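Here is how names work: the chains are called A, B, and so on, in the same order as the sequence lines, proteins then strands, and each is numbered from 1. Model, not experiment: these values are computed from the prediction. Values below: all heavy atoms of this structure, side chains included; hydrogens, waters and symmetry mates excluded.
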There are 2 protein chains.
Amino acid sequence: MENEVDGLDKRKAYILATVVYEYIATGEPVGSQALTQKYNLGVSSATVRNEMADLEAGGYLEQPHTSAGRVPSDAGYRTYVDALMSPEELGVDERRRIRDEMRDARAQLDEIVEQSSRLLGRLAGNLAFVTKPQSDTQSFRYAQLIWIGERSGIAIIVTSFGVASQSLFELRNDATPDDLTRLSNALNATFAGRLLRDCDDRSLAAVTKQCGFGEDMVGAVRAAFTGARTQEQPGIAASGAQHLLDQPEFRDVRKLRSILRILEEQRTLYDLVAGAFDSPAASVKIGHELGSEELADLSLVTVPYRFGERAVGMLSILGPRRMPYARLLALASGTAETLSERLHDVEVK
Amino acid sequence: MENEVDGLDKRKAYILATVVYEYIATGEPVGSQALTQKYNLGVSSATVRNEMADLEAGGYLEQPHTSAGRVPSDAGYRTYVDALMSPEELGVDERRRIRDEMRDARAQLDEIVEQSSRLLGRLAGNLAFVTKPQSDTQSFRYAQLIWIGERSGIAIIVTSFGVASQSLFELRNDATPDDLTRLSNALNATFAGRLLRDCDDRSLAAVTKQCGFGEDMVGAVRAAFTGARTQEQPGIAASGAQHLLDQPEFRDVRKLRSILRILEEQRTLYDLVAGAFDSPAASVKIGHELGSEELADLSLVTVPYRFGERAVGMLSILGPRRMPYARLLALASGTAETLSERLHDVEVK
DNA sequence: TTTAGCACTCCGGGCAAGCGAGTGCGAAGG
DNA sequence: CCTTCGCACTCGCTTGCCCGGAGTGCTAAA
């Protein structure tokens, strides 16, 4: 039937939506009377009570204890996010403010990523974090192999976002500085503009051998490119942890400890967003969907940012399940958009 | 007189030391009876009471409220740290463990700095942070100016710790790739091994002009070196914030918020240790000495680490004033030592 | 100068009472 | 058959109170 949503009739859906909305707003378990008083439901509290009992039986609501109001369950939030809430858009002035604040960062990849995480954390009033562009979605810009002595050299590779990575290598044969320059030029000519992940080992070896180098040099070049590809892979800027302290759900200090630990282990932080990485659009993970008991009463909103058409990184907001999803999605999208724009400023042309 | 310490007679000094020691150990305000029971003072609790009243009048102790025990004041801690406590040394096995764990980090500046902050945070059970080497204490290793088109080039400067910084510049005249190589070689020859801060603008200009370049190129080279000098200046690795949650003094969430905020603002974090930067030895700042009301019940232990003879950065521990100063000083020194050793592994020779 | 004794203070835990918000259910009404 | 009303019941939270324990300051005696 068209007046069913997710297996709920229209009235149940509306009541669920209202409960979630009210709980998000107040943080207090919401009861039937309070609901009928504040919202014009057109039915009495007793009816609402019956409906709420049904919703609880269906797993959408939970009761902290008898004689308390209802609170949404993971499933309740999920339905709300997927089907019930009305999406939000940022106002023009909000957009402008985001853009203005993003301008404060200098045109350096690290700076604009950090700035966007600070900005998002502050606007969203929650913990925000932003992954640096996956380095294998960046493209190769320049390589320079530098002779630094009879037996060793240093390889520098610059990506399209102006990130330089360097690695040392040994020189086994009697290569001259000129040889290295020749090889640098050949690499630059061959791979210019190509995605880093497409600079595969085979073509690297081919170019190196063409310049008259042997296996040892192939290994060095390969290592240099691998270094550039994996460098800073899980690099993440996080910010806004202090806002979590305002949330009543963190009166319990143990929760906080989990968060702080996660914050310091970039690895875990990265795993959190990793799941969202395949999907090109915004994603919301609620409570247990995060896959960890520690994080069971948190939610995560993740939005990709792009360079051109390609999604290159993620902006995320981590906060209590009881978060204003529509608003945060709008904020994250807006910030992602601006970040994407600024990405063009750091591009090495 | 030789049996006075800091204006306190011997018995007062001993009682003060015991009070501080006991308070650090238990976290409870310490009363006269408890003290005489646990420590063999050779006098009755009443006498201790009188002495404590004197110490309070002298500003060394404070009373949270009437009918509670005494707690050390900033001045009390200060006297304890300066004159009363007995310094600690790490055991051989502890040293070995630190060394072993530091070996886990790869030979990259960032990694060993982060590893040492993680290690120190965990061992000290407090928030630890480590500044990266001041970049102007590093020395110049290589410069490479790369021709990337008719009108632009990229300058890459590698420091003695293998940190590469890059900057873009414009080419106004019709310089060729060979010209740039020639200039690179000249820079390398002239400045090899010199401290970055000693690569002054005048000598840079001289070398550049000698190679036949004009003012525009001088500006570019100067900018590149300035970039290398100031890059990452306040770079700080922090870790162990979650330990602070165990401390009873953080039951008050507002305290925690200050800390988290500071943690995210590298600037403030840097200012904290900046004061200790001139002094070559370990330094302890207690409570209000930190210069901020927010941090008034915290203390900071700071120890420099060296490269060769030169102090290049700082290891710090931030925790409640009630911290085991002697132990933390020993831990920080031990970690600093090991960090200093590992610094040689990242040196670009 | 030290010690013993004593009255006083204050914090914190434990307990009971009362309040308020909310539920569930049976019966009445449309 | 669905909705509504009325009512008894539940339960957590707050308030007020009491009491024990730890500690202090003061006075007087050794």
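- In this structure, the nucleotide among C/dT23, C/dT3, D/dT24 sitting nearest to the side chain of B/Asn50 is C/dT3.
- Each of B/Glu51 and B/Thr66 was assigned the nucleotide of DNA chain C with the nearest heavy atom; the assignment lying further toward the 5' end belongs to B/Glu51.
- Rounded to an integer number of Å, the gap from CG of B/Leu41 to C1' of C/dT3 is 15 Å.
- Looking at residues 31-40 of chain A, you'll see that no heavy atom sits under 4.0 Å from any atom of DNA chain D.
- Ion pairing between B/Glu101 and B/Arg122 holds under the 4.0 Å rule for side-chain N and carboxylate O.
- Look at A/Thr47 and you'll find a side-chain N or O under 4.0 angstrom from OP1 or OP2 of D/dT4.
- Distance CG/B/Asn126 to CD/B/Gln247: 5.5 Å, rounded to 0.5 Å.
- Distance B/Met52 CE to C/dT2 P: 16 Å, rounded to the nearest Å.
- For B/Ser67 against C/dT9, a side-chain N or O and a base N or O form a donor-acceptor pair under 3.5 Å.
- Whole-Å rounding puts the A/Gln63 CD to C/dA21 P distance at 17 Å.
- With hydrogens and angles ignored, a donor-acceptor pair under 3.5 angstrom links the side chain of A/Arg49 to the base of C/dG24.
- One can place CZ of B/Arg70 at 11 Å from P of D/dG23, the figure rounded to the nearest angstrom.
- Side-chain contact of B/Ser316 with B/Thr302: a donor-acceptor pair under 3.5 Å is present, judged by distance alone.
- Contacts classified as salt bridge (charged side-chain N to carboxylate O under 4.0 Å, His left out) and involving residues 43-52 of chain A (residues at least two apart or in different chains) are given here: A/Arg11-A/Glu51, A/Lys12-A/Glu51.
- In terms of heavy-atom proximity, A/Ala282 sits nearest to A/Leu329 at CB-CD2, 3.8 Å.
- Protein atom CD of B/Glu28 is 10 Å distant from nucleotide atom P of C/dG12, rounded to whole Å.
- Listed pair B/Arg11 / C/dT1 fails the phosphate criterion, with no side-chain N or O lying under 4.0 Å from OP1 or OP2.
- When all heavy atoms of A/Pro64 and A/Val71 are compared, the pair lying nearest together is CG-CG2, 4.1 Å.
- Base contact: A/Ala46 has a heavy atom under 4.0 Å from a base atom.
- Rounded to whole angstrom, the span from the NZ atom of B/Lys12 across to the C1' atom of C/dT2 amounts to 13 Å.
- Nearest nucleotide to the side chain of B/His65, out of D/dG25, C/dT23, C/dC11: C/dC11.
- Taking OG1 of B/Thr26 as the reference point, atom OH of B/Tyr21 lies at 11.0 Å (rounded to 0.5 Å).
- Atom pair B/Asp9:CG and C/dT1:P shows a separation of 11 Å (rounding to whole Å applied).
- A straight line from CD of A/Glu62 to C1' of C/dG22 spans 17 Å, rounded to a whole angstrom.
- Looking at which nucleotide of DNA chain D each of B/Gly69 and A/Gly42 is closest to, the 5′-most match is held by A/Gly42.
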Test salt bridge (charged side-chain N to carboxylate O under 4.0 Å, His left out) on B/Glu94 and B/Arg327; report intermediate values, then the result.
CA-CA 12 Å; B/Glu94 282 184 307; B/Arg327 168 100 184 129; 2.7 Å; yes
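- Side-chain N/O atoms of A/Ser44 and base N/O atoms of D/dT4 include no donor-acceptor pair closer than 3.5 Å.
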